[in-house]
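Presented below is the structure to which this report refers.
In what follows, chains are A, B, ... by sequence order, proteins preceding strands, each numbered from 1.
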2 protein chains.
Amino acid sequence: MTATDTRADRSTGRTRLLPPMPTQAERVAELLRESLIDGVYPPGRRLSEERLCEELGVSRNTLREAFRLLVRERLLVHQMHRGVFVGLPTSDDVRDLFKARRTLELPALRDATAPAEEAVRLVGAAVDEGEAAREREDWWRMGTANMRFHQAVAGLSESARVNEFMSQVLAETRLVFHVMDAPREFHAPYLDWNRRIHTLLASGDPRGAAEELATYLDTSEDQLVTAFTAMEERA
Amino acid sequence: MTATDTRADRSTGRTRLLPPMPTQAERVAELLRESLIDGVYPPGRRLSEERLCEELGVSRNTLREAFRLLVRERLLVHQMHRGVFVGLPTSDDVRDLFKARRTLELPALRDATAPAEEAVRLVGAAVDEGEAAREREDWWRMGTANMRFHQAVAGLSESARVNEFMSQVLAETRLVFHVMDAPREFHAPYLDWNRRIHTLLASGDPRGAAEELATYLDTSEDQLVTAFTAMEERA
DNA sequence: ATTGAAGTATCGTTCAACAATCCAACGATG
DNA sequence: CATCGTTGGATTGTTGAACGATACTTCAAT
């Protein structure tokens with residue numbers, strides 16, 4: 001997820017053992033990323049360079065480097081001579097995000113005929129975490145657990161690049177939820193669905209699990225899109 | 001593809017008609033991107049900030065902003081206090097890239113039961129272009145056409161985000177071909193395959209086309225991985 | 001109300017400087 | 001001869017300030 005290379009040093013073949021100290025720009029990007037998916041800055045809000053670099057205690061140049069990263073992840077949008085703004089997804093974006101999720105999640109699940117044990121475990125753990133959060137009425141963690149569930153599903157593909165793309169898509173989806181500030185009701189009904197999907201997967205029926213997930217995504221998209229279009233024409 | 005926002009101005013609702021003038025950093029990134037997929041800089045080579053910003057006539061800060069973008073696209077890798085290097089994919093990367101391609105291309109093709117006319121046309125155009133290039137023995141354009149073919153296949157999903165991810169994956173695949181400087185033989189045999197896939201798709205048999213593509217990807221990956229591992233242990 | 005012309009705030013980019021770190025060369029030590 | 005500190009030079013990391021360019025605001029004039 002970080003930009004500095006953790007993998008083997010390709011030039012020399014040597015391996016990097018210590019975690020690479022991230023650059024300041026990367027740390028700033030990480031901090032902002034957290035804040036953005038946490039909804040600290042509302043979608044559409046402009047982020048002032050001057051104010052932020054004062055607030056974070058870094059120079060403008062460093063902050064701008066961090067901005068570039070987040071713009072590429074679509075968490076921020078950049079407009080020439082106007083600055084960067086928190087992403088403000090439209091209903092079209094919602095549809096596109098779900099298209100992306102279908103291509104990432106469904107094949108990963110459907111083709112998981114012999115899934116890695118660890119990957120399946122992650123899926124189950126996310127379900128558990130979600131249900132525990134629901135018990136505690138900790139809605140925020142419940143949303144996080146739901147995201148982690150889908151991340152884990154995509155993770156069945158065992159591809160680092162697919163995983164990274166998926167986490168981007170999910171981060172942007174978080175923005176979608178912040179546009180309409182109603183995370184509780186949107187996640188709660190889906191927990192049972194997650195449980196069912198995991199059960200099917202663990203019992204060796206990936207195709208059944210994929211079908212379940214397909215209808216899940218359909219209904220979830222419908223719900224979000226209708227809510228979105230309603231909100232859009234209200235404005 | 002560009003980082004500045006072309007879409008509707010979300011804050012005001014106004015629409016942007018003129019193409020946004022990209023920032024200098026973005027132009028630099030675009031230029032470097034072209035150079036990288038064209039193989040101007042060999043994989044693994046370090047790119048000196050001092051030299052490049054002199055060469056391109058931009059300041060170091062601007063160049064570094066461009067670097068960040070390309071690092072995020074995996075065309076460059078960044079190592080703290082050592083600088084940025086042209087990506088040098090390993091055989092593991094090759095495998096991961098093919099996993100990603102399967103995820104992106106196969107479902108797009110298989111689910112194209114009622115594909116958009118324009119999207120299918122793009123696939124066919126790429127095939128035509130490839131064959132024309134083969135006639136002229138223009139190997140470089142042939143490789144480009146092959147890439148465009150697969151881009152078009154992924155484009156059947158009609159998702160902007162999937163398309164962008166796909167183009168990233170393909171750009172990185174270009175790097176793979178540059179590691180082993182043998183682009184001719186690697187693309188030529190696959191042109192007929194592309195033709196067949198397009199025919200199946202256009203004749204309303206997406207599942208058949210997907211099967212064809214699946215074996216295509218399998219053999220292509222095998223060929224590349226074996227060539228890669230041979231090269232890796234030779235070094 | 002619309003148009004047009006300052007004025008202001010912010011971004012885009014550059015430049016110069018210094019600190020931090022890597023690297024290669026060198027010599028000391030066993 | 002090989003290995004291990006040390007040292008010095010080169011490159012990156014980060015900062016701060018400066019100035020031009022552009023968008024937004026204000027306000028006067030039609």
Side-chain angles (χ1 to χ4, degrees), chain A residues 2-6 8-32 41 44-71 76-86, chain B residues 2-6 8-32 41 44-71 76-86:
Chain A
T2 169
T4 43
D5 196 7
T6 315
D9 185 320
R10 266 89 150 251
S11 325
T12 66
R14 271 175 298 181
T15 321
R16 231 170 181 58
L17 314 95
L18 279 71
M21 186 202 293
T23 74
Q24 192 118 332
E26 281 151 13
R27 273 184 307 229
V28 170
E30 178 60 28
L31 182 67
L32 285 177
Y41 308 102
R45 157 107 99 227
R46 170 166 156 271
L47 299 184
S48 162
E49 290 186 358
E50 203 167 3
R51 180 142 34 105
L52 254 188
C53 69
E54 169 69 21
E55 217 168 297
L56 302 175
V58 301
S59 86
R60 263 182 74 207
N61 288 320
T62 304
L63 179 64
R64 286 169 57 90
E65 282 192 14
F67 276 170
R68 294 287 176 188
L69 296 181
L70 298 170
V71 166
L76 299 178
V77 296
H78 179 203
Q79 293 185 12
M80 186 73 161
H81 285 120
R82 300 224 313 134
V84 301
F85 300 76
V86 181
Chain B
T2 169
T4 45
D5 195 9
T6 315
D9 185 322
R10 269 89 152 250
S11 325
T12 67
R14 271 176 296 181
T15 321
R16 231 166 181 64
L17 312 94
L18 278 69
M21 186 203 294
T23 74
Q24 192 121 327
E26 281 152 13
R27 272 183 309 220
V28 170
E30 177 60 29
L31 182 68
L32 285 178
Y41 308 101
R45 158 106 101 228
R46 169 166 158 274
L47 298 183
S48 160
E49 290 186 358
E50 203 167 3
R51 181 142 35 106
L52 253 188
C53 71
E54 169 70 21
E55 216 168 297
L56 301 175
V58 300
S59 85
R60 260 182 78 205
N61 289 321
T62 304
L63 179 65
R64 286 168 59 89
E65 282 192 13
F67 276 170
R68 296 283 177 190
L69 296 181
L70 299 170
V71 166
L76 299 179
V77 297
H78 178 198
Q79 293 186 13
M80 185 74 161
H81 285 121
R82 301 224 313 136
V84 301
F85 300 76
V86 181

Rounded to whole Å, how long is the line connecting atom CD of A/E54 with atom C1' of D/dG16? 13 Å
Using side-chain contact (heavy atoms from CB on, under 4.5 Å), reason through B/R27 and B/Q24 one step at a time and then give a plain yes or no. CA-CA 5 Å; B/R27 272 183 309 220; B/Q24 192 121 327; 3.0 Å; yes
What residues form a side-chain hydrogen bond (donor to acceptor under 3.5 Å, both in side chains) with A/S48, not counting sequence neighbours? none
Which pair of non-hydrogen atoms, one from B/V28 and one from B/A66, has the smallest distance, and what is that distance? CG1-CB, 3.6 Å
Mind checking the CD-CG spacing from A/E50 to A/L63? Nearest 0.5 Å is all I need. 11.5 Å
Using a cut-off of 4.0 Å between protein heavy atoms and nucleotide atoms, how would you tag nucleotides 5-15 of chain C 5' to 3' with B, S and -? -----SBBBBB
Partner set under side-chain contact (heavy atoms from CB on, under 4.5 Å) for A/A25, not counting sequence neighbours: A/T23, A/T62, A/E65, B/R68
